[in-house]
Amino acid sequence: MAETINRQILLVSRPEGEPSAANFKLVETPLPALREGQVLVRNHYLSLDPYMRGRMSEGKSYAEPQPLNQVMIGGTVGEVVDSRSEQFRPGDKVVGMGGWQEYAVVDAGQRGLLRKVDTTHVPLSAYLGAVGMPGVTAWYGLVRIIDPQAGQTIVVSSASGAVGGAVGQLAKARGCRAIGIAGGEEKCRYVQEELGFDACIDYKQHKDAAALAAALRAAAPDGIHGHFENVGGQVLDAVLSEIKPHGRIAVCGMISGYNGEPIPMKNPQLILTQRLKLQGFIVGEHMQDWPEALKELGSLVAAGKLKYRESVADGLAQAPEAFLGLLKGRNFGKQLVKLV
Ligand code: NDP
């Protein structure tokens, strides 16, 4: 095969506060020849996810920091184009952690690095969203932590996003009332009209936690049984003031603090007085639940019963800007970068 150039994006400096395009660098590297047991994957879509912001910093977190001057870590879907492994053949569609680059050389023998997927009924890109890590995140927090019962009211923040959109629809499928919180009228309309939530509150229309709490009270006059937190800060304060005794909160994300802003909790005593269960989780630590979650998510997507939306940036060079947009809410649904 003639020498193929791989375009890659490296993290070259660590952001202080908000990241910028200057933290990244696009480079061109020749692809190495495959060794025995390796496969070459042409990445079709790259997934951009909020957790990447945490990895860009050196501070203590649940995951190792992304090393400088190396290809940014990231989930990808693509097609095997060359293989020196018995497990994969050219043409196989796969999901893996290919990173911010056009091609990935993967050791096929290493368990869990690359998984074949069936695109007969589920589009390839959905394996990075509703039928992938974000979908399983929604499923785990809702089913395993909130444990919703029919008739209960469930609230989710970042409701139009990859995780939030799935949370509300999975709650509806279990006979619950679903209330979303999202930024902007267009996102809220989509959450209600397309995703079928019972209500959606535009947090940008409410100047503080008290005003947001009043809007929640109007949408859920009998209180909130379960909450799926993706944002933190004011949003969490508002929900806490409206949650019922013995309410359950799955703490999935705190995006309002990812650039290092302090996000103090106003009334932590409510955890005690309302006897709440508040549990943080990292989806990658619950691999035993993935098969059950993916089975439900895959069937719902194939049947058209789990809807999702994608924001697709075109070409690897757009990845940094698209990532910066994700941290500002410029994405509308799952943020992807199309590479082919
Ligand atoms: P989304 O598709 O929801 O995109 C991020 C959204 O966050 C934006 O569109 C924006 O929505 C909202 N947002 C951004 N900045 C702020 C801010 N300062 N204040 C309030 N909202 C903000 O992303 P995902 O669905 O991929 O992820 C959702 C959450 O789930 C994130 O917090 C992420 O870290 C977390 N997560 C956790 C996992 C785990 O294992 N615990 C695994 C995967 C995701 P809007 O315009 O509505 O404000």
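Model, not experiment: these values are computed from the prediction. Positions are given from 1, in the same order as the sequence printed here. First listed ligand is number 1; within each ligand, the first listed atom is number 1.
- Judged purely by distance below 3.5 Å, without hydrogens or angles, the side chains of S125 and E310 pair a donor atom with an acceptor atom.
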Worksheet item: Given the rule in the side-chain contact (heavy atoms from CB on, under 4.5 Å) test, do Y127 and M133 qualify, once you have shown the distances and angles that lead to the verdict?
Response: CA-CA 8 Å; Y127 287 101; M133 186 278 281; over 6 Å; no

Discussion item. One pair to check against salt bridge (Lys or Arg N to Asp or Glu O under 4.0 Å): K172 and D198. What are the steps and the verdict?
Written reply: CA-CA 9 Å; K172 289 294 294 177; D198 297 282; 2.9 Å; yes

Practice prompt. Kindly indicate, with the supporting measurements, whether the criterion salt bridge (Lys or Arg N to Asp or Glu O under 4.0 Å) is fulfilled by D289 and R144.
Written response: CA-CA 9 Å; D289 286 302; R144 290 286 185 255; 2.8 Å; yes

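- Within ligand 1, counting atoms from 1 as listed, the ones closer than 4.0 Å to a heavy atom of N331 are 1 (P), 2 (O), 4 (O), 8 (C), 9 (O).
- Taking each heavy atom of S311 and F332 in turn, the nearest pair found is OG-N, 2.8 Å.
- Side-chain atoms of W100 and Q8 include no donor-acceptor pair closer than 3.5 Å.
- At least one heavy atom of C252 sits less than 4.0 Å from an atom of ligand 1.
- A cation-pi arrangement is not found for K334 relative to Y308, the charged atom failing to lie both closer than 6.0 Å to the ring centre and inside a 45° cone about the ring normal.
- The two residues P245 and R275 come nearest to each other via the heavy atoms CB-NH2, 3.8 Å.
- Within the 4.0 Å heavy-atom criterion, the part of T137 lying near ligand 1 is the side chain and not the backbone.
- Partner of K338 under the side chain to side chain contact (heavy atoms under 4.5 Å, CB included) criterion, out of L316, L46, N43, V312: V312 alone.
- The shortest N/O to N/O separation between G183 and ligand 1 falls below 3.5 Å.
- Checking only distances, L327 does come within under 3.5 Å of ligand 1, N or O to N or O.
- At a cut-off of 3.5 Å, with distance as the only test, no side-chain donor of R174 or Q169 sits close to an acceptor on the other residue.
- Here the protein heavy atom with the shortest distance to atom 3 (O) of ligand 1 is G161 CA, 3.4 Å.
- The backbone and the side chain of V163 each have at least one atom closer than 4.0 Å to an atom of ligand 1 (non-hydrogen atoms only).
- Counting only N and O atoms by type, the side chains of S85 and R89 include no donor and acceptor under 3.5 Å apart.
- At the top of the distance list for atom 46 (O) of ligand 1, counting protein heavy atoms only, stands K187 NZ, 2.6 Å.
- Of the polar atoms of K328, none of the N or O atoms is found under 3.5 Å from an N or O of ligand 1, judged by distance alone.
- The distance criterion of under 3.5 Å between nitrogen or oxygen atoms is not met by I181 with respect to ligand 1.
- Checked against a 3.5 angstrom limit, the closest N/O atoms of N230 and ligand 1 fall inside it.
- In terms of polar-atom proximity, defined here as any N/O pair under 3.5 Å, A162 does make such a contact with ligand 1.
- Remark: R42 is positioned above the aromatic ring of Y103, its terminal NZ or CZ atom under 6.0 angstrom from the ring centre and at most 45 degrees off the axis.
- Proximity to A182 (heavy-atom distance under 4.0 Å) selects the following atoms of ligand 1: 47 (O).
- Taking any N or O of Y258, backbone or side chain, at least one lies under 3.5 Å from an N or O belonging to ligand 1.
- Under a 4.0 Å criterion applied to the non-hydrogen atoms of M133, ligand 1 contributes the atoms 42 (C), 43 (C).
- Nearest protein neighbour of atom 19 (N) of ligand 1, counting heavy atoms only, is S256 CB, 3.7 Å.
- Close approach to V283 involves these atoms of ligand 1, each under 4.0 Å from a residue heavy atom: 39 (C), 40 (O).
- Using a 4.0 Å cut-off to heavy atoms of L326, the atoms of ligand 1 that qualify are 4 (O), 5 (C), 8 (C), 14 (C).
- Residue contacts with ligand 1 for Q335 are absent, since no atom lies close enough (heavy atoms, distance under 4.0 Å).
- Within the structure, ligand 1 lacks K334 among the residues with a heavy atom less than 4.0 angstrom away.
- Counting only heavy atoms of the protein, atom 27 (O) of ligand 1 lies nearest to P50 CG, 3.7 Å.
- Checking only distances, S158 does come within under 3.5 Å of ligand 1, N or O to N or O.
- At a 4.0 Å heavy-atom cut-off, ligand 1 touches Y203 through the side chain alone.
- Looking at L170, V167, V231 one by one, the single match for side chain to side chain contact (heavy atoms under 4.5 Å, CB included) with V156 turns out to be V167.
- Using modelled atom types, one finds no donor on one side chain facing an acceptor on the other under 3.5 Å when comparing N23 with R14.
- For atom 10 (C) of ligand 1, the closest heavy atom belonging to the protein is G329 CA, 3.5 Å.
- With ligand atoms numbered from 1 in the order given, ligand 1 contributes 39 (C), 40 (O), 41 (N) to contacts under 4.0 Å with heavy atoms of F281.
- A cation-pi geometry, defined here as NZ or CZ lying under 6.0 Å from the six-membered ring centre and within 45° of its normal, holds between R309 and Y190.
- Among all protein heavy atoms, the one lying closest to atom 16 (C) of ligand 1 is I255 CG2, 3.7 Å.
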